[in-house]
Structures are given as structure tokens and as C-alpha cells.
Amino acid sequence: MTILFRNARVLTLAGPPQRRGAALADLGVIAAADVLIDSGRIARVAPAGEIRPRPGTHDMNAAGRVLMPGFIDCHTHACWAGSRIAEWEQKLAGAAYLDILKAGGGIMSTVRAVRAATQAGLQASLAARLTEFLENGTTTLEVKSGYGLTTADELKMLRAIAAAARTWPGTVSPTALLGHALDESEAGFVDRVIHETLPAVHAEFPGIVIDAFCEQGAWPLADAVRLLETAVGEEANPIHSSAGAAHNRAGIRVHADQFNPLGMIREAVRLRAISVDHLEASIPADLALLAASETFGVGLPICGLHLDGRFANLRSLVDAGGLVAIATNCNPGSAPCTSMPLAIAAAVRHCGLTAQEAIAAATINPAAVLGYTDRARIEAGARADVILLRHTDERALAYELGGNPVDTVVCGGNIMHRAGAAST
Ligand code: NIG
């Protein structure tokens, strides 16, 4: 398919494949440009009026609206079964997230539902959510396992994720969240995860990134470190390369400091983890250490909106020159949300990012978290995952709340979604 977007305000995101400090705000804007897409790639970017449509070209008049890379959502738990709406009502009545988990609910309630679900059922519900993600402009996303906990159920989740990915035009990057919760009913649970589940997952999904939730009531620091160290040592190639593009980090990520600062940031930096995610409770000294490292800090501001009004201080990370990304964290407990525009709006209001920084933290930097260097930019040769907004001003992504700012989604060079006529 050949597509020509004429007269667009283009956020090219041209420049280095990951952005720190002041560079995060540079979106590489071209105020008026034509963008030609052919055979799944960006073929040409030229000043507006320079490219003429040929017969057979899908001709799109952008009329000054914003054309930008599709969102890259680098942290989701979008594969699940069951419902946590009743539990959310308990939270509204005052129950704390970690207390619900301690009482056997929370993550463990979703674990029970996932264990009872079939692989086909998990695949179908994930596929429905992937459609929502696409309509909201997300063209690449990460999906974690972590609600199975047994070897068989973790593999069931990862197979469901792989199967759903094959039916979606975007790209799904799977992560094995083997250290999500502790199954108190199983003696020797942590050792079994490390010595049985981890090798089984690595055998079937070589190079897959391993994740853990280090928190009081979830994985203690020492056990999380043991899991991640074993994962690094076990990988045939310890350089993360699951997405076909290597970078100098170990194939591990970790949920750190969501409620309590347990010292995981220091360990993650020492282990050269790809990212530490959450950071709502991080102490300034740990954020400074993180900012000086190659490990990304991933902010998940929908959690603060949904749970308790606490947010990561991403401003301090950016100001200290750190690598920052944001994500929806889509999951049934702390962030029931498939909208990166809402994550951008929340990050700007509550994490201290500017609209421009949040856009880069939702596109080019999360591409680097997932190891992709072929996308998240609009320049010749890049994968044609782009979105046309309803707006002529990209700051509307952060300003507007609750609507869908995305008009058209092009994924792998094909038009996959069109919302309708322009409103601005
Ligand atoms: O990142 N906190 C750990 N994991 C998810 C929540 C999962 C759930 O509550 O089901 C998170 O917020």
C-alpha cells in the first residue's frame, strides 16, 4: 500500500535512538510536510506541496494536523482474566492495594482467574484489548505474563500473548514477569520459580526479558535479585536482543519503589537492567543514581490516578539527565487503561514532564526500552507506524482529557483505523 499524507505538522523524532535531559523535549518538528509511505516503510519526507500522489496512492490531506509516530507502550499487564471491579470499590471505601493483596486478593485474585482460563480464552480477551490499544494510537506494546505463577500457567500466558500478537497488525513484545506475587500456598515457591519456571521459559522463549515486582508483600529484595541475577546468568546472550536490536543492557526489568523504597534501584543499576518501573516511592538519592545510569526509569502515572494520587518524580530524573519513558501499565488492579494519551496527560499534570517531553517518553524512549531502533521516528526507512491526530497542536495530547485525539492509525504501512473527520 502507498499512502501520502499531505500538509501535515510532522513530529519526526529524528535524532538519537534514546533521549536524555534537554534532548527529551526535541520532537524534530517540521511545521508543514508531506510524508510518503510505501511497502510498510516511510519512503520520503519533504516540504509540503513537494510530493504529488501517483495513481493508486491513498491520498490523505492532513490539513495541518499532527502526524507523529505511533505510541509505544512499554509496560502493560494486558493479558488477564476475571474482573477486579468489586475490589476497586473496596479501595474506594478505604482498603489499601497491598492490604488487599495480603488478604489473598489483588494480584492473587487475577492469578486464580488466569489459572482457570484457557489459553484460547486469554488470547481472545487480549486480542480485544489490543484492538482498543490500536484505536488509541498504540502500535507497539509490551505485554507481561505474571498472573500464572506456576510453570504451566506462566507458559500458558506467554503462549496466549504470542498467539494474540500474531493476529494484531502492531508489534507485541512479551515479557516473562516471573516474580510478580508470592504463592503462599506453595512451599519453596521462590526456588521453584528460579530453578524450574525460569529455565522452562527461557527454553521456549529464548531471549525473553524477565521481570519482577519487588515490594513488601510481593518479592523481597533478596529473592528478586536472585531471580534477576539467575536470569542474566542463564541467558545464552546476556545482551537484550529480543526485538532484533541489541543494546548494552541485561534482559531484565523490575517493578521498583511502587509503595516502599526497598533498595531495588541500586541493584537494578548494578545488574544493568533495562528499566526500573513505577518509582512512586523512590528516594532522591536513588533517583540520582538511576539518572546517571543506562537504566530507564519508567513512570506509570495511571496508577496514581486510579489508586492513591502518588506519582513518580520524573522531573527530577529528566533534570538530572536520566533516561525516562512512560507507559499505561494496563492491568485490572492498578491501571485499567489502554490509552497512552491519558498516560501523557497524567505525566504532564503529576510527574512534572512538559507535553513535548511526555510525547518523546511515549514514543522514541519506550522504543529503546523494548530494543527497537527501526520505529518511533518519521524519516526515510523507518517502519511506517504513524498516527494522524485530530489536532493541529501536539500539546492537545496532554491538554485534553478523556477523548480520543487519534484520527488515523497506520501500522506496518497499512491504514488500520480511521476515526472520521477532523474536529480542529
Ligand atoms: O505494575 N504492582 C504490580 N503489578 C501491577 C499491578 C498488577 C495488578 O494489580 O494486577 C503494576 O501496578
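Computation of the quantities below employed the complete heavy-atom set of this structure, encompassing side-chain atoms and omitting hydrogens, waters and symmetry-equivalent molecules. Only a predicted model underlies this, so the values are computations on that prediction, with no experimental measurement involved.
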Checklist entry - How are the rings of His255 and His180 set relative to one another: parallel (under 30°), tilted (30 to 60°) or perpendicular (over 60°)? => result tilted
Checklist entry - Going by the angle between their ring planes, with limits at 30° and 60°, are Trp88 and His306 parallel, tilted or perpendicular? => result parallel
Closest approach of [X] and [Y], non-hydrogen atoms and distance?
X	Y	result
Pro301	Ala347	CG-N, 3.8 Å
Val276	Ala268	CG1-CB, 3.3 Å
Thr171	Tyr372	CG2-OH, 3.2 Å
Ala376	Leu13	O-CB, 3.4 Å
Asp153	Gly148	CB-CA, 3.4 Å
Leu141	Leu370	C-CD1, 4.4 Å

Kindly list each side-chain donor-acceptor pair under 3.5 angstrom involving residues 348-365, sequence neighbours excluded, with atom names and distances?
unit_1	atom_1	unit_2	atom_2	d
Arg349	NH1	Ala345	O	3.1
Arg349	NH1	Ala398	O	2.7
Arg349	NH2	Ala398	O	3.4
Arg349	NH2	Tyr399	O	2.9
Thr354	OG1	Glu357	N	3.0
Thr354	OG1	Glu357	OE1	3.4
Glu357	OE1	Arg315	NH1	2.7
Glu357	OE1	Thr354	N	2.9
Glu357	OE2	Arg315	NH1	3.4
Glu357	OE2	Arg315	NH2	3.0
Thr363	OG1	Ile359	O	2.7
Asn365	OD1	Arg19	N	2.7
Asn365	ND2	Arg19	O	2.9
Asn365	ND2	Val324	O	2.9

Checklist entry - CZ of Arg129: more than 12 outside heavy atoms within 6.0 angstrom? => result yes
Next on the checklist: Within the supplied structure, the quantity of interest is the number of heavy atoms (other residues, nucleotides, ligands) at a distance under 6.0 Å from Ile85 CD1; does it exceed 12?
Outcome noted: no
Just by distance, no angles: are the side chains of [X] and [Y] close enough, under 3.5 Å, to form a donor-acceptor pair?
X	Y	result
Glu154	Thr197	no
Arg383	Thr139	no
Thr175	Arg253	no
Thr338	Asn136	yes

Checklist entry - Does Asp191 come within less than 4.0 Å of Arg226, counting only side-chain N to carboxylate O? => result yes
Checklist entry - Between Arg115 and Asp183, is there a salt bridge with N-O shorter than 4.0 Å? => result yes
Item to check | Qualifying residues under side chain to side chain contact (heavy atoms under 4.5 Å, CB included), relative to Ala312, sequence neighbours excluded | outcome: Leu279, Leu314
Next on the checklist: Between Thr328 (side chain only) and Cys330 (backbone N and O only), is there a donor and an acceptor less than 3.5 Å apart?
Outcome noted: yes
Donor-acceptor pairs are to be reported for all side-chain atoms of residues 98-110 against protein atoms at under 3.5 Å, with residues two or more places apart or in another chain.
unit_1	atom_1	unit_2	atom_2	d
Thr110	OG1	Arg84	NH1	2.6

